[in-house]
Structure formats: C-alpha cells, structure tokens
Colleague: 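Input: one structure, supplied below.
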Amino acid sequence: MTEARKMPANDLPAYQPVAGGIAARARAAAAPAPYLDNLNPEQRDAVETLDGPVLVLAGAGTGKTKVLTSRIAHILSTGRARPGEILSVTFTNKAAREMKHRLGIMLGQAVEGMPWLGTFHSIGGRILRSHAELVQLKSNFTVLDTDDQIRLLKQLLSAENIDDKRWPARMLAGLIDGWKNRGLTPAQVPAGEAAVFGNGKGGKLYKDYQERLKTLNAADFGDLLLECIRLFREHPDVLRSYQARFKFILVDEYQDTNVAQYLWLRLLSQGAARAPSPGEDNAIATQTAATRNICCVGDDDQSIYGWRGAEVDNILRFEHDFPGAKVIRLERNYRSTGHILAAASHLIAHNEGRLGKTLRTEDVDGEKVTVTGAWDSEEEARGVGEEIEQLQREGHKLNDIAILVRASFQMREFEDRFVTLGLPYRVIGGPRFYERAEIRDALAYLRVINSPADDLAFERIVNVPKRGLGDATVQMLHDHARRRRIPLSEAARQVIETDEMKPKARGSLRDLMLSFERWRKQMEVVSHTELAEVVLDESGYTEMWQKDRSADAAGRLENLKELVRSMEEFENLQGFLEHISLVMDREGAADEDAVSVMTLHSAKGLEFDNVFLPGWEEGLFPHQRALDEQGRAGLEEERRLAHVGITRARKRAKLYFATNRRIHGTWNTTIPSRFLDELPAANVEITESKGGNGWGGAGGYGSSRFDNLEAFGSTYSTPGWQRAQQQRGRSGGGYGDSFGGNSGGAKKRPMVIEGELVAKSTGTDSAFSLDDRVFHEKFGYGHVTKIDGNKLTIDFDKAGEKKVVDSFVRAA
DNA sequence: AATACACCAATTTTT
DNA sequence: TTGGTGTATT
C-alpha cells in the first residue's frame, strides 16, 4: 500500500552509497552492526551468507522474520545493494507490513521504504502495470477478485449454453485457479484435464475467459503471476532488466509457494532468460541459478496449504534446484516451553516426507500438554470456558488466550458458550474487509467513475440500491452492448435516448447516468475521499443501509466509513483502485482484551501463552476428506497442521476431544485422534473434563490409550464440577445413556446457567425489564423474555432465543 | 420486487 | 440440522 504512493515503478530512490564502495565499507567497519548482536550462530550464518542460494529451514518460533529483516539490514549496511535492488516477497500483506515495520525499527530512518518488499501478487501486479501493453492490458487494469471472477464465468457459461447447475461457475473458477497456480496458460492445460469440465468445454472456457479479461482490461489474482511469467518468457529483454535490477532475492514461507510462484522466482533468480517448462527436469534449466543470491526461508513442517496449490516439493527440492545451495537449520526455539516443544516435535516426527529438524529450547519444561476428553462438543466448550475463567482468575489476559479449531463450524459452540458466560472473544478470519458486499459495492461505484468501461462494476451497482432496473433491463443493455461492441454504460447512455425502455426504468437509468457524469466532473475539483462520500450519499447507498434494520447494518456503515478513511493514504482515485484489491485486509481493532477464536490455518505465524485445541477426533482432525482425497499426503498435512497448532503455544497447550459430536445434524460417536496417540506420554497430562458431564469412553471403536480414562477421579469444587454434579443428577449420568446409537445419539441436555457460579457474573440486577426491545452486535434485534440477574433471555428476530449477558446488549 | 419453498452441500483460505 | 442459493409464486 505504501509502495504505491511513495515510489512509482521506475523511480530511483535517493542517493545511496555505491554498492561495496569505499564510503559504504568504511561505514560498515566503523559502526558495529547492532543487528548482528542478538543473533545466535545459525541465525547469524543465515544473515551473513549473502552469496549464492541459501535455504533457511526455520522451525516454529526460531526467529524467521528476524533473520529475514536482519539479512536485509546487513545487505544494505554493507553496501551490497540499494533498497531498490532487493526483491523480498511474502505471501500476505500482514507479513510484508511486519517486515517493513521491523526493518524500520532496525535501520531507523536510514532507509526509506523498500520498493520491492511485498506480496507475490502485489509485486507481480506492479511489474505487470509497467509493461501492461505487452500482455494486452492497459496499465490501469482492474484486479478482479473471486466474486467478479465467478460472475464473469457465469456469463460465459450461459453464453455456451452450459447448465450451471451441473457445471457450477465456482467449480470452473476453482479449476482455472488451479491451472494458474500450476503456471498453465490455456494452451498448456493437458487436454484430458481441460475436458473434464462442461462436456469437454473446459479448455475453451478458460481461453474465452482470458480473452474476456483482456477486453475488460482486467486480471484476476492468478494472472498477476501467470501473466508476469508470460511477459518474462515472451520478452527476454524485460526479464533481463529485472534480473539485473534484483541483486538479492528473499522469499518468506517458501514451503507455501506454488508452481507459478516457483517459476516466477526461477525466472528472476536465473542468469539465463529461460525457465523450465512444467514437467521439464529442473536441473537442466537450472545451470546458472547457482550464481544468484536467492535466500528462501521456510519450514517444511509448517506446509499446510497443499490443498490450494502449494508444493512442499519446492522446499524439499531446493538443493536440487539450486545446486551449491547452502542449507541452514534454525532449531533453537524461543517461544515454547520444553514439554510443548517436545510434544510437537515428537508428533511431527511421524511424518516421512520431511527434511528433518530437531527443535530445542533452553526454556523451562513448564506445564505438560494436557489432553482432556469431553462427553460431547457442548461439554468441550464448557470445559474450555471453565479453564479460561480459571486462567482469568489467575490474572492472565484474555489476549494471551486462543482457541484454534480445525474447521470453522466448531467455532459456533464456543461463541455460544462465551456469549452466555459474558466472556469477550473475537473471531479471527472470516470474510476479509474488501470482500464484504458493502465495500465491493462502494468500490464498484468508484470503478465505474474511474473507468466507464468496467462492465462488471457497472452491472454490480446498476440496481444497488434498488432502482427498478432489474434483470430485464440489464439483459437488454447486454444485448445492446454486445451488438455494438460497446461497454454497458455506453449502451445505457444510448438506450435512454430511445423508447426501448419503460418510462419508469428509463428515467431511473437516466438519473443514474447523469449522476455518474456529475461525479466524474466532480472528480476534477474535489479530493477522492470527498468524492467517495458524495457518491455514497447521492447514490442512495448509505441510505440503503441506514434504513436496514438487520444486525450488521451498523457495522456495514462503519466499514464504509473505514473505507473512505483508508482512501486518504492514496494520492488519487486511480492509485487507490489499483492497489485496493491487493492490500485491503481485515480490520485491526484488537485493543480490547478478548479471547481469540480462529482456525488452525489462520493461526499460522501467531503465538499465544495459552492455546486451546479442541476437536482432536478422527474424521475431524485429521479431517476425513483430507484422508480420502489425499491419502498419506493428506494425513501428513493434517499432522503438520497439528504441529502448527501446538507450536503456537508459549506456556500452555490444551488439547480436547469430544466423544460425541454432531455432524450435519446427527450425533456421531467419535474416536480420539490418532495424533493424540502420537504424543509422547512423558510430556502429556491426561485430565478430566471440568466442563460438566463426564464422558463415557470411546466405546469400542478401535483402541486408544485414552479409552480408559477415569472419568470422575478426583473431587472438584470448581464451578464446573458443581455444575457437573447437578447435571449428572438431572440427566441420569453421562455413562450409559444413548451410547452406541448414534442416529439420535446423545441427546441435547438443557443448558444450565447458574449465574452465581459463573465467574464473571455480577449478580447485580439488570437494567433491562421484560419485553424491552434490545440490540445485540451479533444477533441483532430482539426482546427480553426472561431476566436472571445480569443474564437475559432474549428472543431475537432473526437468531431465535438466546441467553446473553446484559452488557452485550443495548436498548434498541 | 419481495417472499416462500425446495434443494443441496457441509475443510482449510490468500491474493 | 443448518444455511445458503436458486426458482417459483404472488
């Protein structure tokens, strides 16, 4: 995002000392390098080995980012390259931002932003914009996201008369993405593969899609790399200029690179302007690579994105691809205690396809990893809730606590539980900021203003808010546009001069077109942020959400404000639009103390003192589909995911499994995950659930050493225990009931809330009275049906009846 | 254009 | 069982 406004593609940065020049060397000699001081020997080796290919195998918590940033600092301060001569790629904007931030701290103001530090896609996009005409685009091309992509594909499918029920556009989008991930242009897709979609039309559709993108002056995410590769291959002079420019290349998370990214890197890191075609033996095309200074940092044990095209092979093959490569292992872990690290290491050692590292720590042994069995997923959520409250009583911050689940549907139960407990939590992940409908709508308006030929954007907002311009109108505009080979908005302009349309629709469309003309004129006199405000206001878009009474309307309006705010960082509308789809990510806003709930995937790269890992059951984790579809490779990836999960923990890792879990509505009896059996007994403590009911063992489905857990072993006086006693009395003891029969299985017991037993309950009377109309951030509007201290039972209009703590609602 | 009903799918997600 | 989508009906 910053690179966009600060440094146009071909600008030279301010004067920097000549690489290796006298001044630079003198400076390096004079000032001891502070960035080298707190590195361990391996890290230091990774930082100082500048020449030739280097692979840094950086285990979890071994200081990967530190090495990358220190290495850049080292290159700069020894004068080996200027900032503009270092290419440094990451996968996410977050990682790129983090690196910029840490570099800034390390170097002070000595170096302004690194122009070529960014994500694969943003850098690819940037290169494409500089040479757009060579790939049949204009430099202001639009980057389509998944949503645009699918709408476009739907149009193509209907043009081909393909039933999009049988052949969904989503599926085609997935296929095309997959091909692009593998670096395949339409011509390169194996015929057999292209034929599987739409009765053999897959290949043609891919080709048509690419052509349509050119007409729309648009690229999708995959194109940002694939078209870049095509550019390099078809224009060796361009490639050479970049090869000459980048004296050093650094790659973060190398284990996550896909084939396209690999090819892209290879082209840039090679002296010769030739890349191996897919499938070609890499060694042949490699020859000159050894001379180049590429440093890849990654961890094969944390490769968890195979399903979206990442090739673990890239990292496993590194020494083969880059002959003479130096491999440096970072094995000293600075994050976790002994027991946690031992458990994680022992678990991952069960994988076969790995380069192998032995993590060690100098930290204390700490607490053992705990494994807790629960009767069902509700009890699991109660148990976790109890433990969190206990931690809270001991003075731990909620910010230091995370719950990491395998699949997002698991989150609901925790959310429900936390809502009833009044425990603040935040869900990480979910739809990203720029994917939200309101953001995309707002952007569509701006896109149409900026480039009237943007049909996808035009179509998106022509009837949002509702203007009486429905499908019929749009279809008519389409026909008109196609006949004359003009963009939709031009077609609209022409059609309103005719009497083809009903008067009402015609007037409405004319108003819209006049508005766009007015806004385009205003663009020249007011700032782009002001323009955005005007547009959102005059189009009736803001009003549409103001009138909306659903729970998230307020949030959407807030998002729109945030969008306008974020525009300020860019110089003009054009610059904003060029980068927005690549850099807008989830909102920060994390200052409140709250438990984090997220998937294991989105937890990669994060760390917490206390990590809860629920749902360790066969079928869920490892996930059945991973096993079915990928076999052993799938299992190993799941195991890596488990490894990632455990290594997120600094001080406590708490694993859970539930004997009964509801899947697609029906209760199933599960068996504990094989990963639990793969943990080293010496570092693991088996505890009983404090969440309520006991559990009954796994009931004869295969054996596990967790089968013979003693359920109610000790006396407990925690709230959970008391609750458990009461529940046991109520439901007749969790042992035999409804066992083995998994169709109706374990029945759902009523949720018991004893206000006085819950830690956070205050007992003070609620400020609300019966039948009060209230609003809840998550559930929307509803009315109070029952009051119990500060616990309210509310019948929500949309979400149904829920029990919530009064501080979570406000009067409506 | 809005609502009602039927139908289908139901890991993981960045850019 | 749920939720989301898409079609059919008013």
Side-chain angles (χ1 to χ4, degrees), chain A residues 89-96 118-125 143-150 154 163-166 168-171 174 177 180-181 219-226 253 256-258 260-261 303-310 404-412 428-435 463 465-473 504-505 579-586 598-605 615 619-630 634 637-638 640-642 644-645 661-668 743-745 748 798-800:
Chain A
V89 279
T90 63
F91 273 83
T92 63
N93 290 305
K94 196 174 155 199
T119 64
F120 276 100
H121 291 86
S122 69
I123 290 172
V143 178
L144 302 188
D145 57 35
T146 323
D147 209 71
D148 289 321
Q149 201 184 352
I150 284 172
K154 270 191 182 153
D163 177 15
D164 74 344
K165 276 229 143 138
R166 227 179 113 204
R170 289 205 149 278
M171 187 194 221
D177 270 353
K180 288 186 175 179
N181 283 158
D220 64 17
F221 286 123
D223 283 345
L224 297 180
L225 287 164
L226 190 54
E253 307 275 19
D256 286 337
T257 49
N258 60 35
Q261 285 154 342
S303 165
I304 55 175
Y305 285 111
W307 51 273
R308 71 177 195 211
L404 312 183
V405 298
R406 175 63 183 81
S408 47
F409 74 81
Q410 292 172 263
M411 291 180 185
R412 247 196 72 176
I428 312 244
R432 277 152 301 290
F433 187 71
Y434 76 91
E435 268 173 22
N463 201 29
K466 300 264 185 282
R467 302 189 171 87
L469 303 170
D471 290 345
T473 312
K504 211 170 144 202
H579 286 265
I580 198 61
S581 56
L582 294 176
V583 299
M584 280 292 262
D585 44 17
R586 62 198 81 170
M598 68 190 98
T599 63
L600 286 160
H601 282 90
S602 43
K604 194 167 80 147
L620 177 59
F621 194 31
H623 200 281
Q624 194 58 47
R625 269 179 85 159
L627 302 180
D628 292 347
E629 288 166 19
Q630 305 290 330
E637 183 154 311
E638 295 286 293
R640 291 193 289 267
L641 199 48
V644 166
R661 186 173 295 275
R662 195 166 35 187
I663 302 166
H664 312 327
T666 46
W667 285 93
N668 290 82
S743 49
K748 193 174 166 168
K798 297 235 166 86

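So you know, we letter chains A, B, ... as the sequences are listed, proteins then strands, and number each from 1.
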Colleague: Taking side-chain hydrogen bond (donor to acceptor under 3.5 Å, both in side chains) as the test, write out the residues that go with Thr599(A), two or more places apart.
Modeller: Ser602(A)
Colleague: Pick out which of Leu225(A), Asp220(A), Asn258(A) makes a side-chain contact (heavy atoms from CB on, under 4.5 Å) with Lys180(A).
Modeller: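 Checked Leu225(A), Asp220(A), Asn258(A) against Lys180(A); only one passes side-chain contact (heavy atoms from CB on, under 4.5 Å): Asp220(A).
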Colleague: Output one line per pair: protein atom, nucleotide atom from nucleotides 7-10 of chain C, and distance, for all N/O pairs under 3.5 Å.
Modeller:
none

Colleague: Suppose you measure atom P in dT13(B) against the same atom in dT2(C); what distance do you get, rounded to whole Å?
Modeller: 23 Å
Colleague: Under the side-chain contact (heavy atoms from CB on, under 4.5 Å) rule, collect the residues that match up with Pro465(A), sequence neighbours excluded.
Modeller: Tyr445(A), Arg467(A), Tyr541(A), Met544(A)
Colleague: Taking for each residue the nucleotide of DNA chain B with the nearest heavy atom, is it His623(A) or Thr119(A) whose nucleotide lies nearer the 5' end?
Modeller: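 Whichever sits nearer the 5' end wins; that is His623(A).
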Colleague: Restricting to side-chain hydrogen bond (donor to acceptor under 3.5 Å, both in side chains), what partner residues turn up for Gln410(A), sequence neighbours left out?
Modeller: none
Colleague: Atom CE of Met411(A) and atom P of dA10(B): how far apart are they, to the nearest Å?
Modeller: 18 Å
Colleague: Which sits closer to the 5' end of DNA chain B, Tyr305(A) or Arg467(A), going by the nucleotide each is nearest to?
Modeller: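 Taking each residue's closest nucleotide, the earlier one in sequence belongs to Arg467(A).
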Colleague: Between Lys94(A) and dT13(B), is there a side-chain N or O to OP1/OP2 distance below 4.0 Å?
Modeller: no
Colleague: Whole Å only: how far is the CG atom of Asp177(A) from the C1' atom of dT14(B)?
Modeller: 11 Å
Colleague: In whole angstrom, give the distance that lies between atom CG of Leu144(A) and atom C1' of dT15(B).
Modeller: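 Result: 13 Å.
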Colleague: Rounding to a whole Å, what distance do you find between Asp147(A):CG and dT5(C):C1'?
Modeller: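 The distance from CG of Asp147(A) to C1' of dT5(C) comes to 14 Å, rounded to the nearest Å.
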Colleague: Please enumerate all residues that pass side-chain hydrogen bond (donor to acceptor under 3.5 Å, both in side chains) together with Thr257(A), with sequence neighbours excluded.
Modeller: Asn314(A)
Colleague: Any N or O donor-acceptor pair under 3.5 Å from the base of dT11(B) to the side chain of Arg406(A)?
Modeller: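 Answer yes: a donor N or O sits under 3.5 Å from an acceptor.
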Colleague: Report yes if a side-chain nitrogen or oxygen of Asn463(A) is closer than 4.0 Å to either non-bridging phosphate oxygen (OP1 or OP2) of dA1(B); otherwise report no.
Modeller: yes
Colleague: Who pairs with Arg625(A) by side-chain contact (heavy atoms from CB on, under 4.5 Å), at least two apart in sequence or on another chain?
Modeller: His623(A), Glu629(A)
Colleague: Can you name the residues that form a side-chain hydrogen bond (donor to acceptor under 3.5 Å, both in side chains) with Arg661(A), not counting sequence neighbours?
Modeller: Glu380(A), Glu617(A)
Colleague: Please enumerate all residues that pass side-chain contact (heavy atoms from CB on, under 4.5 Å) together with Ile580(A), with sequence neighbours excluded.
Modeller: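 Ile580(A) satisfies side-chain contact (heavy atoms from CB on, under 4.5 Å) with Leu443(A), Phe576(A), Met584(A) only.
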Colleague: Is Thr146(A) close enough to dT15(B) that one of its side-chain N or O atoms is under 4.0 Å from OP1 or OP2 there?
Modeller: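 Result: no.
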Colleague: What distance do Tyr305(A) atom OH and Arg640(A) atom CZ have between them, rounded to the nearest 0.5 Å?
Modeller: 13.0 Å
Colleague: When you measure from the side-chain N and O atoms of Ser122(A) to the phosphate of dT15(B), is any distance below 4.0 Å, counting only OP1 and OP2?
Modeller: no
Colleague: Can you tell which of dT14(B), dT15(B), dT11(B) lies closest to the side chain of Glu629(A)?
Modeller: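 That would be dT11(B).
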Colleague: Determine: side-chain N/O of Arg170(A) to OP1/OP2 of dT5(C), distance under 4.0 Å, yes or no.
Modeller: no
Colleague: Contact class for Gln630(A) (heavy atom, under 4.0 Å): base, sugar-phosphate, or nothing?
Modeller: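 Nothing, no nucleic acid heavy atom in range.
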Colleague: Please report the distance separating the P of dT12(B) from the corresponding atom of dG3(C), rounded so that it comes out in whole Å.
Modeller: 15 Å
Colleague: For nucleotides 1-4 of chain C, give me every protein contact, N/O to N/O, under 3.5 Å, one pair per line with atom names.
Modeller:
residue	atom	partner	partner atom	Å
dG3(C)	OP1	Arg412(A)	NH1	3.3

